[in-house]
*Asks:* 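One structure, as structure tokens, below. Some questions next.
Values below: all heavy atoms of this structure, side chains included; hydrogens, waters and symmetry mates excluded. Naming: A, B, ... by sequence-line order, numbering from 1 per chain.
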Amino acid sequence: MTEKREFKAIKGTRDILPPDSALWNWFEQTARDVFETYGFRDIRTPVFEETELFARSIGVETDVVNKEMFTFSTGHDPDSTGESAPDRTYSLRPEATASVARAYIENEMQTLPGNAKLYYMGPMFRRERPQKGRYRQFYQIGAEVLGQSDAPAIDAEVLEMLVVFFKRVGLTRTTLYVNSIGCKDCRPQYVELLREKLREVKDQLGPDSQRRIETNPLRVLDSKLPQEQPIIAKLPRISDHLCAECREHFAKLNEELGLRGIVYEENWRLVRGLDYYTRTTFEVTAEGLGSQNAVCGGGRYDGLVELLGGPPTKGIGFAIGSDRAILSMQEGGKLPHLPGLAVFVAWMGQAAYPTAVNITRKLRTAGLAVELPAEEMKFKKSLGLADKLGASYALIIGEDEVASNTFTLKRLADSEQKKLSELELLEYLESERRGSR
RNA sequence: GUGAGCGUAGCUCAGCUGGUAGAGCAUCGGUCUGUGGCACCGAGGGUCGCGGGUUCAAUCCCCGUCGCUCACCCCA
């Protein structure tokens, strides 16, 4: 207890411990289950890539690339021989879409049949100041569809999958916002129009928004400042300035979403921070999160693969912030009941020990979570520990049981107990296990 | 990068107008060698984040520093 705490988790990182880790596993497993029913399959990419990959796909001017990446130099690459070897820098991934696009190109996935439907989950890294729901190492679950088609039905299916997932994990009280931010043809025109209008009202805006007029006018639209809201409400809306193709695409998407019964809100002020987004963009917000309330963001990125040197390819995807989603679930109350320790083996006396060891192994073979005390304990202590560990049952093995070749199984919730033969015990617990799932 | 708030036991927190520290919970042991949750008794655990200043004396006042939290920016 007098240890000096010499080491601690570095700023913005944290340990996810039991019992939370069980919730995390369940959350991620549910994503796998749902996504695979939609024909998605797992892709695992490295957690670091060449800095340039992120710079080019996310955009050099974005904050994510500009000031939030953990970047390190390769130093002396043991593989390179000459002094003229390029000194490359690597960065921990701030998101994974760029990596998936890179992998798509590198592995020539355009030659695979159908669209590439990929999902991933894992840690991402951004060097921001931590706050509620924001970490420097945070976790995302994402999915991407890459291929030749940009059919609105793909967008709708991706959104349907998202909604189904959130429902499955019990994350209610969420809102899905959908928008279209146009394509490389119509968006620049709108951005210029917006910039002009913003210049006219510049003196009514705060310093942040004034700066954004030149750097990124779209960002003014999602300003949180109350005094700017009336001004923003009068700004031109992108939905009125989409090109014919984008307008058609967005209309079809609305139709497709209706067909699937997906409840959403059109939000003309929803813009995304990453450069690669085109047309469809969306976001899901949840309750109980402080000011970082987006649990999922995504959209279409039709030019990205080509931008990275790949073949002309359409793409759409999203990323769920697991930290935030799970936080929201925990704040919201109803969490799943996850199975914990099934059986605590309360053995007493050295004569009972071999029996305890053997039955423990058999129960574990049957798939049950079993705790076997390594040292003999007082019987009361034993049951007390079983209780504290949250075991469903205590399996009592003492002189009596050994003598009669039976086991005493006690259900801790209601103190119900009975004597069983080994066969009866195994059958009973196995049926219990199946029933509890 | 900017701003605000907070740092006392493993956790949650008391600690008056300055006089060198307490509670609850948790942990461990006992009452209790075949029946847990309860109760009672006891134990361990603190350089009061760190450094400096003021003072006879600092957990308390002042300065600095580090850390945490929340918010801004931005984003999942």
Side-chain angles (χ1 to χ4, degrees), chain A residues 1-5 8-12 14 58-59 61-69 93-97 121-142 162 206-209 211-212 215-216 219 222-225 270-274 277 282-286 289-299 317-328 344 346-349 352 376-402 408-417:
Chain A
M1 292 293 177
T2 38
E3 92 280 11
K4 301 179 213 120
R5 244 171 246 187
K8 46 188 301 203
I10 58 187
K11 187 200 285 283
R14 58 180 181 151
I58 298 166
E61 295 302 323
T62 60
D63 281 6
V64 169
V65 166
N66 223 9
K67 53 183 206 191
E68 294 174 3
M69 288 207 294
R93 60 183 185 190
E95 55 103 54
T97 299
M121 54 190 67
M124 308 294 159
F125 306 85
R126 292 183 199 174
R127 222 190 60 186
E128 303 174 273
R129 276 280 255 280
Q131 68 186 74
K132 188 165 189 179
R134 166 184 288 168
Y135 305 94
R136 288 184 167 187
Q137 174 171 336
F138 60 103
Y139 296 82
Q140 288 188 334
I141 300 176
L162 198 53
D208 284 325
S209 290
R211 182 171 41 78
R212 287 184 287 223
T215 58
N216 193 347
R219 297 234 66 92
D222 64 359
S223 160
K224 293 172 193 162
L225 289 178
L270 176 66
V271 296
R272 305 264 76 221
L274 314 183
Y277 285 117
F282 52 89
E283 183 170 289
V284 179
T285 61
L289 288 175
S291 74
Q292 307 305 323
N293 65 350
V295 293
C296 176
F318 63 77
I320 295 162
S322 300
D323 307 81
R324 291 181 188 176
I326 289 170
L327 182 60
S328 177
F344 184 96
W347 61 276
M348 56 199 128
E376 185 163 10
M377 305 173 73
K378 288 185 177 176
F379 188 54
K380 265 180 177 286
K381 281 259 166 281
S382 209
L383 285 185
L385 186 55
D387 188 40
K388 284 174 190 164
L389 293 177
S392 301
Y393 295 93
L395 184 63
I396 299 164
I397 310 171
E399 280 177 23
D400 297 353
E401 285 78 7
V402 173
T408 301
L409 186 68
K410 172 167 183 155
R411 192 192 294 140
L412 291 168
D414 59 5
S415 297
E416 193 91 356
Q417 77 180 46

*Asks:* Checking all strands, does A:E399 fall into the base, sugar-phosphate, or nothing category for heavy-atom contacts under 4.0 angstrom?
*Replies:* base

*Asks:* Hey, does A:G290 reach any base, or is it just sugar-phosphate, or nothing, if we go heavy atoms under 4.0 Å?
*Replies:*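 Sugar-phosphate, backbone atoms only, no base.
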
*Asks:* Please determine if A:E128 and A:R136 form a salt bridge, counting it only when a charged side-chain N lies under 4.0 Å from a carboxylate O.
*Replies:* no

*Asks:* Below 4.0 angstrom from OP1 or OP2 of B:U33, is there any side-chain N or O of A:K378?
*Replies:* yes

*Asks:* B:A76, B:G34, B:C70: which one has an atom nearest the side-chain heavy atoms of A:R126?
*Replies:* B:A76

*Asks:* Counting the atoms with a prime plus P, OP1 and OP2 as sugar-phosphate, which does A:G398 contact under 4.0 Å by heavy atoms, base, sugar-phosphate, or nothing?
*Replies:* base

*Asks:* Look at the side chain of A:R134 and the base of B:C74, then say whether one donor and one acceptor between them are separated by less than 3.5 Å.
*Replies:*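 Answer yes: a donor N or O sits under 3.5 Å from an acceptor.
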
*Asks:* Who is the Watson-Crick or G-U wobble partner of B:U55, with both distances under 3.5 Å?
*Replies:*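 Check on B:U55: unpaired, no WC or wobble geometry under 3.5 Å.
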
*Asks:* Just name whichever nucleotide pairs with B:G34, Watson-Crick or G-U, keeping both distances under 3.5 Å, else none.
*Replies:*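 Result: none.
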
*Asks:* What integer distance in Å separates A:E61:CD from B:C75:C1'?
*Replies:*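 Distance, rounded to whole Å: 17 Å.
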
*Asks:* What distance separates A:D222 CG from A:R272 CZ, expressed to the nearest 0.5 Å?
*Replies:*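 Interatomic distance, A:D222 CG to A:R272 CZ, rounded to 0.5 Å: 8.5 Å.
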
*Asks:* For atom C1', what is the distance between B:A57 and B:A14, given to the nearest Å?
*Replies:*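 Looking at atom C1' only, B:A57 and B:A14 are 23 Å apart.
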
*Asks:* In whole Å, what separates the P atom of B:U35 from that of B:G30?
*Replies:*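 That atom pair is separated by 16 Å.
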
*Asks:* Below 4.0 angstrom from OP1 or OP2 of B:C74, is there any side-chain N or O of A:R212?
*Replies:* yes

*Asks:* Rounded off to whole Å, could you give me the NZ-to-C1' distance for the A:K132 and B:A4 pair?
*Replies:*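 In whole Å, B:A4 C1' and A:K132 NZ are 17 Å from each other.
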
*Asks:* Identify the nucleotide, in any strand shown, that forms a Watson-Crick or G-U wobble pair with B:G3, with both distances under 3.5 Å; if there is none, say none.
*Replies:*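 B:C70 - that is the nucleotide pairing with B:G3, both distances being under 3.5 Å.
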
*Asks:* Take atom CG of A:D323 and atom P of B:C75, then tell me their distance rounded to the nearest Å.
*Replies:*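 Computing the A:D323:CG to B:C75:P distance gives 18 Å.
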
*Asks:* Report yes if at least one side-chain N or O of A:Q140 is closer than 4.0 Å to OP1 or OP2 of B:A76; otherwise report no.
*Replies:*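 No, because none of the side-chain N or O atoms of A:Q140 sits under 4.0 Å from OP1 or OP2 of B:A76.
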
*Asks:* Is A:Q417 touching bases, backbone alone, or none of the nucleic acid, heavy atoms closer than 4.0 Å?
*Replies:*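 Touches a base.
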
*Asks:* Please report the distance separating the C1' of B:U65 from the corresponding atom of B:U27, rounded so that it comes out in whole Å.
*Replies:*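 Comparing C1' positions in B:U65 and B:U27 gives a spacing of 34 Å.
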
*Asks:* Would you measure the distance from the C1' atom in B:C13 across to the matching atom in B:U17 and give it in whole Å?
*Replies:* 23 Å

*Asks:* Students often get this wrong, so: under 4.0 angstrom with heavy atoms, is A:K410 touching a base, only sugar-phosphate, or nothing?
*Replies:* base

*Asks:* Could you check whether any side-chain N or O of A:R324 sits under 3.5 Å from a backbone N or O of A:V295, counting only pairs where one atom can act as donor and the other as acceptor?
*Replies:* no

*Asks:* Of the nucleotides B:G30, B:G37, B:G34, which has the atom closest to the A:K381 side chain?
*Replies:* B:G30

*Asks:* Regarding A:I396, tell me which of base, sugar-phosphate or nothing describes its non-hydrogen contacts under 4.0 Å with the strands shown.
*Replies:* base

*Asks:* If I take atom NZ in residue A:K8 and atom P in nucleotide B:G49, what distance separates them, rounded to the nearest angstrom?
*Replies:* 14 Å

*Asks:* How far does the C1' atom of B:G51 sit from the matching atom of B:A58, given to the nearest Å?
*Replies:* 14 Å

*Asks:* For a quick check of understanding: with a heavy-atom distance under 4.0 Å over all strands, which category does A:A386 fall into, base, sugar-phosphate or nothing?
*Replies:*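 No contact at all - A:A386 keeps every heavy atom at 4.0 Å or more from the nucleic acid.
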
*Asks:* Without decimals, in angstroms, what is the distance between A:R93 CZ and B:A76 P?
*Replies:* 15 Å

*Asks:* Suppose we define a pair by two distances each less than 3.5 Å, Watson-Crick or G-U wobble; what does B:C13 pair with here?
*Replies:*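 Across all strands, the one nucleotide that pairs with B:C13 is B:G22.
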
*Asks:* Can you check the distance between B:C16 and B:U8, where both ends of the measurement are the P atom (answer in whole Å)?
*Replies:* 16 Å

*Asks:* NA contact type, A:F344, heavy-atom cut-off 4.0 Å: base, sugar-phosphate, or nothing?
*Replies:* nothing

*Asks:* Could you check whether any side-chain N or O of A:R211 sits under 3.5 Å from a backbone N or O of A:G206, counting only pairs where one atom can act as donor and the other as acceptor?
*Replies:* no

*Asks:* Is the distance from OP1 or OP2 of B:A76 to the nearest side-chain N or O of A:R272 less than 4.0 Å?
*Replies:* yes

*Asks:* Do you know the tightest heavy-atom contact between A:P94 and A:V64?
*Replies:* CB-CG1, 3.6 Å

*Asks:* What is the distance, to the nearest angstrom, from the CD atom on A:Q131 to the P atom on B:C72?
*Replies:* 6 Å

*Asks:* Would you say A:S291 reaches B:C72's phosphate, i.e. side-chain N/O to OP1/OP2 under 4.0 Å?
*Replies:* yes

*Asks:* Quick one: label A:R127 by what it contacts on the DNA or RNA (base, sugar-phosphate, nothing), any heavy atom closer than 4.0 Å.
*Replies:*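 Result for A:R127 = nothing.
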
*Asks:* Ignoring hydrogens and angles, answer whether the base of B:G1 and the side-chain atoms of A:E128 contain a donor-acceptor pair closer than 3.5 Å.
*Replies:*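 No.
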
*Asks:* When you match A:K380 and A:I10 each to their closest nucleotide on RNA chain B, which lands nearer the 5' end?
*Replies:* A:K380

*Asks:* Give a yes or no on whether a salt bridge exists between A:R126 and A:E95, defined as a side-chain N under 4.0 angstrom from a carboxylate O.
*Replies:* no

*Asks:* Using the P atom in both, what is the distance from B:C70 to B:G29, to the nearest Å?
*Replies:*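 After rounding to an integer number of Å, I get 37 Å for this pair.
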
*Asks:* If you measure from CG on A:L327 to OG on A:S322, what distance do you get to the nearest 0.5 Å?
*Replies:*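 Reported to 0.5 Å precision, the distance equals 12.0 Å.
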
*Asks:* Give one of base, sugar-phosphate or nothing for A:D63, where a contact means two heavy atoms less than 4.0 Å apart.
*Replies:*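 It contacts sugar-phosphate atoms only.
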
*Asks:* Establish, yes or no, whether the cationic atom of A:R14 lies under 6.0 Å from the six-membered ring centre of A:Y135 and within 45° of the ring axis.
*Replies:* yes

*Asks:* Just checking A:E376: base, sugar-phosphate only, or nothing, at a heavy-atom cut-off of under 4.0 Å?
*Replies:*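 Answer is nothing: A:E376 stays at 4.0 Å or more from every strand.
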
*Asks:* Under 4.0 Å: is that the gap between some side-chain N or O of A:Q292 and OP1 or OP2 of B:A76?
*Replies:*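 A:Q292 to B:A76 OP1/OP2: no side-chain N or O under 4.0 Å.
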
*Asks:* Just verifying a value: how many Å separate A:D208 CG and A:S223 OG, rounded to the nearest 0.5 Å?
*Replies:* 8.0 Å

*Asks:* For a quick check of understanding: with a heavy-atom distance under 4.0 Å over all strands, which category does A:K11 fall into, base, sugar-phosphate or nothing?
*Replies:* sugar-phosphate

*Asks:* Which base, if any, makes a Watson-Crick or G-U wobble pair with B:C28, both distances under 3.5 Å?
*Replies:*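 B:C28 is paired with B:G42.
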
*Asks:* Between B:C6 and B:G15, how far is it from one P atom to the other, in whole Å?
*Replies:* 14 Å

*Asks:* When you measure from the side-chain N and O atoms of A:R129 to the phosphate of B:G3, is any distance below 4.0 Å, counting only OP1 and OP2?
*Replies:*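 No, because none of the side-chain N or O atoms of A:R129 sits under 4.0 Å from OP1 or OP2 of B:G3.
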
*Asks:* If each of A:K67 and A:G321 is mapped to the nucleotide of RNA chain B with the nearest heavy atom, which maps nearer the 5' terminus, i.e. the 5' end?
*Replies:* A:K67

